Each structure stands twice: as C-alpha cells, then as structure tokens.
Amino acid sequence: MIEQANRLNKVQEYYFSTKLQEVRSLAASGKDIINLGIGSPDLPPPPQVIEALNLALTNTGAHQYQPYRGTLDFRNAIKEFYKNHYRVDLNAETEIVPLMGSKEGITHISMAFLNEGDEVLIPNPGYPTYTSVTNLVGAKPVYYNLKEETNWSPDLEEIESRDLSKVKLMWVNYPHMPTGASANETIFEELVAFARRNKILIVNDNPYSFILNDSPRSILEAEGAKEVVLELNSLSKSFNMAGWRVGMVCGNEKNLNTILKVKTNLDSGMFYPLQAGASAALRLPASWFTSLNKIYAGRKQKILKLAKALGCMPGKDQSGMFVWAKVPEGETSEGFVNNLLYTHSIFIAPGFIFGDQGEGYVRFSLCATGDVIDRAIQRIDR
Ligand SMILES: Cc1ncc(COP(=O)(O)O)c(C=O)c1O
C-alpha cells in the first residue's frame, strides 16, 4: 500500500464530488431527484459561440499546441471585454493570461506566490477551493468572517488589528458566492489601500458579475489596483460555458509572468476552437446578459417561493446564480439538506461547506428550469 503524500493530510475530496455521487446513486435506485445543488448552467451557450467553435475546427493548425499565453485574438477579446463592461484598460500582450477555468487559476496563483508557512486570508463563508489549495501548497488559511448584518463585507479594521506579518495573499470574491452579496461602493478602493499598506497580494475572484447584477464591477477599476491585485474571471457562468473550462487572470506583467512560470509547466495551451468560441462570446453585446438574466430572474422568483415553503429566510439583494437562505431556527444546514434529500428527493447545498460562518444557511441553485422548480414547490406543498 503506497501512502498518500503529506500535502493531502489536510485536504478532503471536494464535498460535491462525494455528495453528488450519493445523489446519483439515489437517482439510480429510482428516486426522482431534483438537483438544486450546484451552479452548473443548464442553458446553452450563445449560438454565435458554437458557430465560431465549429468553424475553428477546420482552421489550419487548429489541432496543434497553442501559445502558452493564448492566441493574441483571444487576449484582445478579453481586453475589449474588460474595457466595454468594466471600463478597465488592459494590455493584451502583458496583462492578460487565459486560464482553463478560474478554478485552476487559484492553484497557479497559490503555487506561484506562496511558501510553506505563509498565511492566506480567506473569506468565511467562501468558495472551499481557496482553503484546500492553500493547504495543498503548505500555506496556512486564516479566515476573515463575513456577516449578514454587515452585508457580508470584510471588516478591514478587525483584520488589520491582527498580526499580518505572515500574510502574503488574500482572496476576495465579489459578487460573493455563496451569499450573493455585491461589493459595496468603496470596498475595492479600501482593499487596494489595505493591500498596499500591508504588502499583501489581493485576488478578486469575479465569475458572477453578470448574473442578476445590474452593475458589473472589477477590482481593477480601483485607482492603482494593478500594482497590488489580480483578478480572476470566467466564462463558465456568464456565457453558460462551465464545461468548456475557460477563464482568465488579469493584472500586472510582473505578477502574470510569475504565474506563467507555474502554468507553462503544467499545461500546453488551450484547444484553438475553444479560444475562438470564447472570443466570440466575449465580443457579444450586453443584450446577451439581458436575455440571460430575464430567465434567471423568473427562476429566482420560484426559488424564493420554494425557500419560503421550506421555512427558510432568503437574504435581500442577492446577485449571482444562487439564493442563500437561513434555515429554520434550531436546524443545522447538513441536517436540513439531508432531510430534504431523503424525504423529498430535493438536493440543495448546505452552508457549512463554505466555512463555519455558513452554518445555519443553505444555498439554492438557479440552474434548473422553471418547471423543475415548480415541481419542487408542489412536492413540498403536498
Ligand atoms: C467563487 C467561485 N470561484 C471560482 C469558481 C470556478 O469557476 P470556473 O468554472 O471558472 O473554474 C466557482 C465555481 O463555482 C466559484 O463559485
């Protein structure tokens, strides 16, 4: 028996990887499972994207290795996207690196900047990958709590009252998953100043800015941001392309070159037709988001009805593709979710998987049709 590497001692298999296996086996045993657990868009990508992908399949060189930094056309599409939607100027030659999903960027950035023993500020609740990758590289997660009373904003004064001498990196994620909170007016500027004062690299993970959100923002809009921040972005949610695995990291040339020292040793470029399809997506007019959000808005009304039928209390003003809601008094998130799964065959995500500040909450995904959500409501009403 070969022992696993020590670096895995603090890392568990991703919750959804194991739980969805259970959900699938319940379905295989004949249960009519309604899955409202994960944020995997069920709607198709824009037709222009499929067309561009298909056309690119027969391009000369389409099946060869691609540039490590992505094609210049793809980087130009990202540059235009950032300018048109976030008012941010980026240099396509030096300030953009395409990624195979933003999730892999979390690993690249951690491998590129963290030594063993370095500390990493992580939102609680927050995306579990920040913690697991921090552990994988031998760094130490230190959490900053986000609370409903302060609309899930970081308390920078409290964080700054701590010893931050070992902190090298801070993960920020607005619009925030799982709570759906948006960044307040000033937080990005405050974070940039905080990063500069404390010599910490801040990374904003920004995959949700176009979903049910009227004013998409980037941390790179803040004055002087490029000096001290990076931003991850993704086509997974914005263009229903989660399975394509296309994202990007943007920031200054020096930081991106550091990341490329890792990335160029891990993969050998992105399949050309994916880059062509992704470029077509990024060049679509804003009306794409208007029509997408019309569908999500309809679904959200139904999910809010379902949450209330279950006695849950959804928070206000949430963006993104989830509804985050408090479970009834006295229930735990895991108990509530398991009970719903085993008695009503409805799967939602328990809040505890996002950190202890997520305990007492559950997350409903909007990635199911209105008819499916209606069926869930009828099941509960019955
Ligand atoms: C906060 C957050 N960051 C990153 C990701 C990963 O997205 P991608 O598909 O771009 O890897 C997700 C996916 O659910 C997420 O919720």
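Computed from a predicted structure; not experimentally measured. All ligand and atom numbering here is 1-based and tracks the order in the structure.
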Check R69 with E93, please: is the shortest side-chain N to carboxylate O separation under 4.0 Å?
no

Residue among I38, N338, I353 satisfying side chain to side chain contact (heavy atoms under 4.5 Å, CB included) with K19
N338

If I apply the N/O under 3.5 Å rule, does Y130 come out as touching ligand 1?
no

Could you tell me whether R379 and D32 make a salt bridge, using a distance below 4.0 angstrom between a side-chain N and a carboxylate O?
yes

Is it the side chain, the backbone, both or neither of A242 that has a heavy atom closer than 4.0 Å to ligand 1?
neither

min-distance protein heavy atom vs atom 13 (C) of ligand 1 -> K237 NZ, 3.4 Å

Qualifying residue, where the test is side chain to side chain contact (heavy atoms under 4.5 Å, CB included) with S182 and the options are S209, P216, S215, S319
S319

Measure the distance from atom 16 (O) of ligand 1 to every protein heavy atom, then report the residue, atom name and distance (to 0.1 Å) of the closest one.
Y208 OH, 2.6 Å

Proximal atoms of ligand 1 relative to P207 (non-hydrogen, under 4.0 Å)
2 (C), 3 (N)

Please list the nearest protein heavy atom to atom 3 (N) of ligand 1 with its residue and the distance rounded to 0.1 Å.
D205 OD2, 2.5 Å

How far apart are the C-alpha atoms of D118 and K140, what are their side-chain angles, what is the distance that settles it, and do they pass the salt bridge (charged side-chain N to carboxylate O under 4.0 Å, His left out) test?
CA-CA 6 Å; D118 283 343; K140 185 176 167 207; over 6 Å; no

Ligand 1 and K103, any nitrogen or oxygen pair closer than 3.5 angstrom?
yes

If you have a sec, work out which protein heavy atom is nearest atom 9 (O) of ligand 1 and how many Å separate them, to one decimal?
S236 OG, 2.6 Å

Check for me whether R245 has a heavy atom closer than 4.0 Å to any atom of ligand 1.
yes

Nearest protein heavy-atom contact for atom 7 (O) of ligand 1: which residue, which atom, what distance?
S102 OG, 3.3 Å

Report the C-alpha separation of D267 and K263 in whole Å, then their side-chain angles, then the decisive distance to 0.1 Å, and conclude whether the salt bridge (charged side-chain N to carboxylate O under 4.0 Å, His left out) test is met.
CA-CA 6 Å; D267 68 65; K263 184 168 164 60; 2.6 Å; yes

I219 backbone acceptor or donor facing E231 side chain under 3.5 Å
yes

For residues F210 and Y296, establish whether the separation of their ring centroids is below 6.0 Å.
no

Would you mind running through ligand 1 and noting each atom that sits below 4.0 Å from a heavy atom of N173?
1 (C)

